[in-house]
Q: 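Quick one: structure below, then a few questions.
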There are 2 protein chains.
Amino acid sequence: MNHKKDKNTADDFGAKIQCFVDLCRDRGLRVTPQRLAIYKALVNSDEHPSAEMVYEKVRGSLPTISLDTVNRTLLTFSEIGAAFVVEGSGGARRFDAGLDNHQHFKCVKCNRIIDFHHEPFDDIELPASIDGRFTVSRKTVYVEGLCELCQSH
Amino acid sequence: MNHKKDKNTADDFGAKIQCFVDLCRDRGLRVTPQRLAIYKALVNSDEHPSAEMVYEKVRGSLPTISLDTVNRTLLTFSEIGAAFVVEGSGGARRFDAGLDNHQHFKCVKCNRIIDFHHEPFDDIELPASIDGRFTVSRKTVYVEGLCELCQSH
DNA sequence: TGATAAATAGGAGTAGCTACTATATAGGTG
DNA sequence: CACCTATATAGTAGCTACTCCTATTTATCA
Ligand SMILES: [Mn+2]
Ligand SMILES: [Mn+2]
Ligand SMILES: [Zn+2]
Ligand SMILES: [Zn+2]
């Protein structure tokens, strides 16, 4: 085991939580046990979970939490910039607390969402016909297909 | 009125219908009045309609058609390549029979989907980590924000 | 240590599909 | 051209993923 890496990972986690708490305070949002638990569950997941998936995790520590609270809270996180809704159509909304520049590949069969990073996609230049006319809040490259597991029938 | 343009438009429409009929025959799909009416409604629309929107249009000529048939049929069109589902999350699936290279801007407030075309986006080169590992069936630039009507509060 | 505005739990309501089954029909066959 | 049959459709029931409502609880502040 690499103790250094473990420690850094733990530190990163602590830093993210602190950052999240500060962000809530800045925006005048109360730091509730529900919000903390939901944020921790989201940060600890790399599968871009749906509200339902987060709900199942969080019920471990907060057995009486409601699915509505999880849904509402995840949307609040997107509004304050602590997370975002992953692009892509069909099925349940999927969330991501990974704010580093990256892109997604979505498998249309198993619905897995896989992170990748290709620098040329980090800052896409839009034509003036769009940039000048509309207020663009998000732009990314959208990629879907079959993952390596689903290709083999 | 420009008669030449009208005539060309009419010809284009006829050609598209013929093309669609041929495509159905190639794939061994029956050319039913429902399929024709749904395809015509989709081709005549530039608003990237949902199944519900197509349903309302088609009921004019086929009053007993069911919403399920419209839904199923639009998905069939995507499978045979006569149309596709527009990328983007939230709300109802939106369909497009415009097969020319183009991209979309989606307004997150009024849900309008606006076509644009920027040649550099037509053939996005994916990194080998994606192209080599997965079977990519679709890739495009995803752009969302507020349209000019929704910006002004 | 209250007061209070914000947040949550629980449940009902809704949109958008999706599955099921009896009926109808497109398109090939004789 | 009438018949046959696999395919497609209509009508309906069921389901998933939210979204709204209201009474109750609680984080924060004075
Ligand atoms: Mn991600
Ligand atoms: Mn389009
Ligand atoms: Zn897969
Ligand atoms: Zn708009």
Side-chain angles (χ1 to χ4, degrees), chain A residues 17 20-39 41 48-56 58-80 82-83 85-86 88-95 108-109 111 113, chain B residues 17 20-39 41 48-56 58-80 82-83 85-86 88-95 108-109 111 113:
Chain A
I17 300 301
F20 168 73
V21 170
D22 291 346
L23 183 62
C24 286
R25 295 253 152 82
D26 279 358
R27 300 305 209 89
L29 294 181
R30 293 181 179 173
V31 180
T32 63
Q34 289 88 343
R35 283 184 176 152
L36 268 176
I38 291 167
Y39 185 74
H48 306 87
S50 64
E52 182 73 37
M53 289 154 103
V54 173
Y55 176 59
E56 288 306 331
V58 168
R59 288 177 79 174
S61 52
L62 298 171
T64 66
I65 199 167
S66 71
L67 177 57
D68 179 52
T69 294
V70 176
N71 249 310
R72 204 173 0 87
T73 300
L74 288 168
L75 287 178
T76 303
F77 291 175
S78 326
E79 278 162 24
I80 66 172
V85 179
V86 179
S89 38
R93 260 194 305 249
R94 305 280 288 270
F95 295 88
V108 296
K109 195 167 175 188
N111 285 322
I113 292 171
Chain B
I17 301 301
F20 168 74
V21 170
D22 292 346
L23 183 62
C24 285
R25 296 254 153 81
D26 280 359
R27 301 303 208 89
L29 295 181
R30 292 181 180 175
V31 181
T32 63
Q34 290 88 342
R35 282 181 177 156
L36 268 177
I38 291 166
Y39 185 74
H48 306 88
S50 63
E52 182 74 38
M53 289 154 102
V54 173
Y55 176 58
E56 288 306 331
V58 168
R59 290 176 77 174
S61 53
L62 298 171
T64 66
I65 199 167
S66 70
L67 177 58
D68 179 52
T69 294
V70 176
N71 249 311
R72 204 175 0 86
T73 301
L74 288 168
L75 287 178
T76 303
F77 291 175
S78 326
E79 276 161 25
I80 66 173
V85 178
V86 179
S89 39
R93 259 192 306 246
R94 305 279 288 271
F95 295 88
V108 295
K109 195 169 174 185
N111 285 323
I113 292 170

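No experiment lies behind these values; they were computed from the predicted model shown. Any value given below was found using the heavy atoms of this structure, including those in side chains, with hydrogens, waters and symmetry copies removed. Protein chains get the first letters and strands the later ones, always in sequence-line order, with residue 1 at the start of each.
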Q: With the side chain counted from C-beta on, respond yes when B:I38 and B:I65 share a heavy-atom pair under 4.5 Å apart, and no when they do not.
A: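 Yes, side chains in contact.
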
Q: In chain order, what residues pass the side-chain hydrogen bond (donor to acceptor under 3.5 Å, both in side chains) check against B:S66, with sequence neighbours excluded?
A: B:T69

Q: Work out how much the helix from C:dT1-D:dA30 to C:dG30-D:dC1 bends between its end axes, five pairs an end, to the nearest 10 degrees.
A: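 One end axis against the other gives 30°.
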
Q: Look up atom CG in A:L29 and atom CZ in A:F20, then write down how far apart they are to the nearest 0.5 Å.
A: 8.0 Å

Q: Can you measure A:L74 atom CG to C:dA7 atom P for me and round it to whole angstrom units?
A: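 The answer, rounded to whole Å, is 15 Å.
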
Q: To the nearest 0.5 angstrom, please state how far the OH atom of B:Y39 sits from the OG1 atom of B:T76.
A: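 Answer rounded to 0.5 Å: 14.0 Å.
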
Q: Check whether any side-chain nitrogen or oxygen of A:T32 sits under 4.0 Å from OP1 or OP2 of C:dT8, and answer yes or no.
A: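 Checking A:T32 against C:dT8: at least one side-chain N or O falls below 4.0 Å of OP1 or OP2.
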
Q: In whole angstrom, what separates A:I65's CD1 from C:dA7's P?
A: 14 Å

Q: With nearest nucleotide decided by heavy atoms, which residue, B:R72 or B:V31, maps closer to the 5′ end of DNA chain C?
A: B:R72

Q: Please classify the nucleic acid contact of B:L67 as base, sugar-phosphate, or nothing, using heavy-atom distances under 4.0 Å.
A: nothing

Q: Examine C:dA9: is either OP1 or OP2 under 4.0 Å from a nitrogen or oxygen in the side chain of A:S66? Give yes or no.
A: yes

Q: Across the strands shown, which category fits B:R25 at heavy-atom distances under 4.0 angstrom: base, sugar-phosphate, nothing?
A: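 Result for B:R25 = sugar-phosphate.
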
Q: So do the side chains of A:V21 and A:L36 get within less than 4.5 Å of each other, counting heavy atoms only?
A: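 Counting from C-beta outward, A:V21 and A:L36 do come under 4.5 Å.
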
Q: Quick one: on DNA chain D, does B:D68 or A:Q34 contact a more 5' nucleotide (nearest heavy atom)?
A: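 Between the two, 5'-proximity favours B:D68.
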
Q: Can you tell me how far CG of A:N111 sits from NE2 of A:H48, rounded to the nearest 0.5 angstrom?
A: 13.0 Å

Q: Using chain A heavy atoms and a threshold of under 4.0 Å, write down where along DNA chain D the contacts begin and end, 5' to 3'.
A: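 Counting from the 5' end, contacts occupy D:dA17 to D:dT28.
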
Q: Donor-acceptor pair, distance only, cut-off 3.5 Å: does the side chain of A:R35 make one with the backbone of A:R30?
A: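 A pair under 3.5 Å: yes.
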
Q: Let me know, please, whether B:L75 or B:P33 comes out on the 5' side of the other along DNA chain C by nearest nucleotide.
A: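 Nearest-nucleotide comparison on DNA chain C picks B:L75.
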
Q: Is the shortest heavy-atom distance from the side chain of B:L74 to the side chain of B:R93 under 4.5 Å?
A: no

Q: Would you say B:R94's side chain and B:V86's backbone share a donor-acceptor pair under 3.5 angstrom?
A: no

